[in-house]
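Presented below is the structure to which this report refers.
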There are 2 protein chains.
Amino acid sequence: MKVSAQEEYGLRCLLQLAYLGKDEFLTLTQIAEREGLSVANAGKLLWILNKAGLVTSIRGTKGGYKLARPATEIHLNEIIKVLDEDVLAGHCKSYTGVLDACVHTGNCGIRPVIVGLHDVVQRALSGITLAQLIGTEANVETTLHWIQGLSRPPQAGTARKKA
Amino acid sequence: MKVSAQEEYGLRCLLQLAYLGKDEFLTLTQIAEREGLSVANAGKLLWILNKAGLVTSIRGTKGGYKLARPATEIHLNEIIKVLDEDVLAGHCKSYTGVLDACVHTGNCGIRPVIVGLHDVVQRALSGITLAQLIGTEANVETTLHWIQGLSRPPQAGTARKKA
DNA sequence: TGTAATCTTGACTAAAAAGTAATGTATCGC
DNA sequence: GCGATACATTACTTTTTAGTCAAGATTACA
């Protein structure tokens, strides 16, 4: 259960665009530089994001990328879904061992876990917008108040004034 | 954000062992057959699980594997952690782009999301034991009542007698 | 004691994901 | 129009993950 490179970097590129003012753009080169990526790699990521309608691109001199919608209206679940190619749909089709279909097809004890887990993650991500990730790490942490209360705040329960 | 092959198959092998009665064993060949895996692949997975202390092995004729503890005392978060090699710890170290360290080291807007997400998943998994995954898919689904209420039951909110 | 069954382990191979390169297309400014 | 700049797209290479193979070690039982 890990966040893939594509998810991580794609999200980071979007966040760079979220920092822009209205009518501002960033070129691929600028995005790549700010995220420590190669221009080629950033290009591929932005292409995916563009195809999915999350960013708008302008070609030619003076061109660049910006968000297709305000950062307050882009939720992380949508972003992850795009960068992930709907992983849940392919799960049972992928993990078939040496056979053509999973032996548990139709009656699988762990499928409810996979589905439920995916749902939990989606739910947490759908409560967060790109706009909420702008700012310092400490501020973002506070803003998220630990993802809709699904996760505990660091101090709850063990809170002490000075430890 | 996807469940890897190692997590999926490892969990499935453990679940096979959870079905055993006391003092029963399964050989690699049996496990492989029941899960549609090659014997070699099952061997590697069980080796990992054995190293981690989740299963006990007996060598020689009449040998095989069984759970090291009762299925009621093995929680999924422990299993996933073993099959995953603690993915959270390596996250920021892995995704550094073309640089030696992530440009956001020390102040990262998305790190709280990664950490929070991991925590949400861990929390959901820690509420489920192997024993709860025994039975038909429908029964398991009911038993989990959608992972500690973190996820909605299928009928809640839209429930109707006949639709 | 010997042999067949079974787990153990590390090296090897194959498949998938990640990342790069190269070629093409659009736009701007002269 | 022409060249410079920047996005678009596909093919290719590298790296990581997944999976296989083969030789070794342990045990039961005749």
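Order of the sequence lines fixes the chain letters, A, B, ..., with proteins taken first and strands second; residue numbering starts at 1 for each chain. Values below: all heavy atoms of this structure, side chains included; hydrogens, waters and symmetry mates excluded. Predicted model only: the values in this text are computed from it and were never measured.
In this model, a donor atom of one side chain and an acceptor atom of the other lie less than 3.5 Å apart for B:Asn139 and B:Thr136. With hydrogens and angles left out, the side-chain atoms of A:Glu8 and B:His91 include a donor and acceptor closer than 3.5 Å.
Both A:Gly63 and A:Lys44 lie close to DNA chain D; mapped to their nearest nucleotides by heavy-atom distance, the more 5′-ward contact belongs to A:Gly63. Mapped onto DNA chain C by nearest heavy atom, B:Gly97 and B:Leu28 fall at different nucleotides, with B:Leu28 at the one closer to the 5' end.
If you take CG of B:Leu26 and P of C:dT6, they are 12 Å apart, rounded to a whole angstrom. Between the CD atom of A:Gln6 and the P atom of C:dT20 there is a distance of 13 Å, rounded to whole Å. A straight line from CD of B:Glu7 to P of D:dT17 spans 12 Å, rounded to a whole angstrom. Going from atom NZ of A:Lys66 over to atom C1' of D:dC7 covers 16 Å, rounded to whole Å. Atom CG of A:Leu45 is separated from atom C1' of C:dA17 by 13 Å (rounded to the nearest Å). As rounded to whole Å, 13 Å separates atom P of D:dA6 from atom CD of A:Glu33. Distance B:Glu8 CD to C:dA16 P: 16 Å, rounded to the nearest Å. For the pair A:Glu35 CD and C:dA18 C1', the computed distance is 17 Å after rounding to whole Å.
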(request) Under the side chain to side chain contact (heavy atoms under 4.5 Å, CB included) rule, what do B:Tyr95 and A:Tyr9 come out as? Steps first, then yes or no, please. (result) CA-CA 8 Å; B:Tyr95 299 145; A:Tyr9 294 141; 3.6 Å; yes
(message) What verdict does the side chain to side chain contact (heavy atoms under 4.5 Å, CB included) test give for A:Gln16 and A:Glu35, after you've listed the backbone C-alpha separation in whole Å, the side-chain angles of each residue and the deciding distance to 0.1 Å?
(response) CA-CA 8 Å; A:Gln16 284 297 338; A:Glu35 285 302 335; 2.9 Å; yes
(request) Run the numbers on A:Leu45 and A:Leu37 for side chain to side chain contact (heavy atoms under 4.5 Å, CB included), then give the verdict. (result) CA-CA 10 Å; A:Leu45 293 167; A:Leu37 301 174; 4.0 Å; yes
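Taking only side-chain atoms of B:Ser38, from C-beta outward, the nucleotide of C:dT8, D:dT20, C:dT20 with the closest atom is D:dT20. Distances from the side chain of B:Lys2 to the nucleotides D:dT17, D:dT20, C:dA17 place C:dA17 closest. Distance from the side chain of A:Thr27 is smallest for D:dA6 among the nucleotides C:dG19, D:dA6, C:dA17. Nearest to the side-chain atoms of A:Tyr65 among the listed nucleotides C:dG19, D:dA8, C:dT8 stands D:dA8.
A:Tyr95 comes within contact range of no nucleotide atom at all, as no heavy-atom separation falls under 4.0 Å. A:Lys51 comes within contact range of no nucleotide atom at all, as no heavy-atom separation falls under 4.0 Å. Within the 4.0 angstrom heavy-atom criterion, only backbone atoms of the sugar-phosphate kind lie near A:Tyr9; the bases stay farther away. If you check every strand for non-hydrogen atoms under 4.0 Å, A:Thr29 touches nothing.
Checking the phosphate oxygens (OP1, OP2) of D:dA8, no side-chain nitrogen or oxygen of A:Trp47 falls inside 4.0 Å. Regarding contacts with the backbone of D:dA8, a side-chain N or O of A:Asn50 is found under 4.0 angstrom from either OP1 or OP2. Contact annotation: B:Ser57 side-chain N/O to C:dT8 OP1/OP2 distance is under 4.0 Å.
A:Arg12 approaches B:Val103 most closely through the heavy-atom pair NH2-CG2, 4.1 Å.
Summarising the local packing, CD of B:Glu73 is surrounded by more than 12 heavy atoms from other residues, nucleotides or ligands at distances under 6.0 Å.
In this structure, B:Ile128 CD1 and B:Leu144 CG are separated by 5.0 Å, a value rounded to the nearest 0.5 Å.
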(message) So if I define the base as every atom that isn't primed, P, OP1 or OP2, how would nucleotides 21-30 of chain C read as a B/S/- string at a heavy-atom cutoff under 4.0 Å?
(response) B---BBBBS-
